[in-house]
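Atoms within a ligand are numbered from 1 in the order they appear, just like the ligands themselves.
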Amino acid sequence: MSVTQQQVLEQLAGVTSPRGVALTNANVLSPITVSDGKVFFSINVDAAEARAWESVRAQAESAVRAIPGVTAAMIALTAERKPGTASPPPHRHAGGGVAPASTHRPPQGAPSPMSRQAEIPGIAAIIAVASGKGGVGKSTTALNLALGLRDLGLRVGLLDADIYGPSVPRLTGIREKPALNDDKKMIPITRFGLSIMSIGFLVEEDTAMIWRGPMVMSALTQMLRDVAWGTLDVLVVDMPPGTGDAQLTLAQNVPLKGAIIISTPQDLSLIDARRGLAMFRKVNVPVLGIVENMSYFQCPHCGTRSDIFGHGGARHEAERLGVPFLGEIPLHMAIRTTSDSGNPVVDSEPDGPHAAIYRAIGAKVRDQLRGVIAAA
Ligand code: ADP
């Protein structure tokens, strides 16, 4: 029997809001999406009231999950800062998050915003893969890097946080939806020996695209904390492209041990990469290095290398900026075809030259995280 919006509203009518009226009468609910047993909506409140609403969000979620036929409920608490008011400190709770619509640079000597974040039990290191703009091969690199880390003997997860356009379902060929365990946590899909989670497993791409800024953070927090990740050495987070407020908020709210920036050799993209670097520095996340993707053209027939964009731009830039240069990945047909058919090259051609490049990048990343992983 399929779940209806009416059933959801009836359940929510039983939850009392801090305003003393039923949640359904508090004028805070977004439209409710019910799709295939999965329920999504947000509770929109003023940032100043957000703390008081956290338990209401949790109650609403339990109420919705109790409806027979509901397989997942993603309920975001969104708080938008009114123009001209001070930014409240970001805070979080299990299962959801509240993000201010804008963030500011911490004063010199102030504790890092990271210090306010709870680690995720069982995960030694969470790292972000970011890019200044879309289309530079960030997701392809994130997945193949995760596989490279796997090949080094690490237990690895991949979280596709690109809520605006999740590509991990396409890159991995995963079509199934995650099941819930007894604690009502989503069980990540295991593929290629990786634990994988993507918003694209839960909603159609179109639905993901219309989510507003603050909901992105809330949904991501749930994908981090309401997922039974188990024990992982590294969780690779494929970030949404760009370096705007949404990305800054993510970088600030996820307990990151480091970030990797993907750039293509063109100048423009290096400028974007510099922005990415500045963003992570702003929130005190160490940049583990820059990867140059589509670095040179490698002919699929004769293997000849052509440096069509010049050579060494990203390496030089990394040196100038004082961050490690992690490696160059060629623009090669095999990377594109394997990626777009759901058979990432590190897995489908493990003995080939591309897999070796991703593993070498993985080794540099692993070396930088060694202390954290060993400590865990
Ligand atoms: P982003 O996540 O930055 O938007 P994607 O990883 O989705 O980028 O890649 C964009 C396109 O480029 C995809 O079709 C992908 O297969 C292709 N691509 C990525 N890296 C390479 C590469 N090194 N060589 C050839 N094609 C690539």
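- In this structure, atom 27 (C) of ligand 1 lies nearest to the protein heavy atom Met294 CE, 4.0 Å.
- When only modelled atom types and interatomic distance are considered, Gln5 and Glu10 share no side-chain donor-acceptor pair under 3.5 Å.
- Residues passing the side-chain contact (heavy atoms from CB on, under 4.5 Å) test with Pro300, sequence neighbours excluded: Phe297, His332, Met333.
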Is there a side-chain hydrogen bond (donor to acceptor under 3.5 Å, both in side chains) between Gln6 and Gln11 once you walk through the steps? CA-CA 9 Å; Gln6 190 53 33; Gln11 280 292 96; over 6 Å; no

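- Between Pro330 and ligand 1, at least one pair of N/O atoms sits closer than 3.5 Å.
- Shown in contact with Ile329 at under 4.0 Å from a heavy atom are these atoms of ligand 1, numbered in order with element: 23 (N).
- The shortest N/O to N/O separation between Lys138 and ligand 1 falls below 3.5 Å.
- Protein heavy atom closest to atom 26 (N) of ligand 1, with residue, atom name and distance, is Arg336 CB, 3.4 Å.
- Here the protein heavy atom with the shortest distance to atom 15 (C) of ligand 1 is Thr140 OG1, 3.7 Å.
- Residue-ligand proximity: His354 is placed with every non-hydrogen atom at 4.0 Å or more from ligand 1.
- Arg150 places a side-chain N or O within 3.5 Å of a backbone atom of Phe192 that can act as its donor or acceptor partner.
- Residue Pro241 places every heavy atom at 4.0 Å or more from ligand 1.
- Among all protein heavy atoms, the one lying closest to atom 13 (C) of ligand 1 is Asp340 OD1, 3.7 Å.
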Let's go through Leu154 and Arg366 carefully: what are the C-alpha distance in whole Å and the side-chain angles of both, what is the deciding distance for side chain to side chain contact (heavy atoms under 4.5 Å, CB included) to 0.1 Å, and is it a yes or a no? CA-CA 9 Å; Leu154 301 180; Arg366 185 238 2 235; 3.7 Å; yes

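- The closest donor-acceptor contact from the side chain of Ser17 to the backbone of Val21 lies under 3.5 Å.
- A salt bridge links Asp367 with Arg370: at least one charged nitrogen is closer than 4.0 Å to a carboxylate oxygen.
- The closest protein non-hydrogen atom to atom 4 (O) of ligand 1 is Gly135 N, 2.9 Å.
- Looking only at side-chain heavy atoms (C-beta outward), Asp347 and Thr338 stay at 4.5 Å or farther from each other.
- Judged by distance alone, the side chains of Asn343 and Ser348 never bring a donor and an acceptor atom under 3.5 Å apart.
- Close contacts of ligand 1 with Leu331, meaning ligand atoms under 4.0 Å from a residue heavy atom, involve 24 (N), 25 (C).
- Contact annotation: the side chain of Ser263 never approaches that of Glu317 to less than 4.5 Å [non-hydrogen atoms, C-beta and beyond].
- In this structure, atom 8 (O) of ligand 1 lies nearest to the protein heavy atom Gly137 N, 3.1 Å.
- Short contacts between ligand 1 and Ser339, defined as distances under 4.0 Å to a heavy atom of the residue, involve ligand atoms 16 (O).
- At least one donor-acceptor pair under 3.5 Å links the side chain of Asn293 to the backbone N or O of Val136.
- Remark: minimum distance from atom 7 (O) of ligand 1 to any protein heavy atom is reached at Arg170 NH2, 3.6 Å.
- Heavy-atom contacts of Ile335 reach the following atoms of ligand 1: 21 (C), 22 (C), 23 (N), 24 (N) (cutoff under 4.0 Å).
- For atom 25 (C) of ligand 1, the closest heavy atom belonging to the protein is His332 O, 3.2 Å.
- Considering only non-hydrogen atoms, atom 20 (N) of ligand 1 lies nearest to Asn293 out of Asn293, Leu171, Ile357, Asp238.
- Residue Val136 has at least one heavy-atom neighbour below 4.0 Å for each of these atoms of ligand 1: 3 (O).
- Looking at heavy atoms from C-beta onward, Thr264 lies out of side-chain contact with Glu292 at the 4.5 angstrom threshold.
- For the pair Ser139 and ligand 1, the shortest N or O to N or O distance falls below 3.5 Å.
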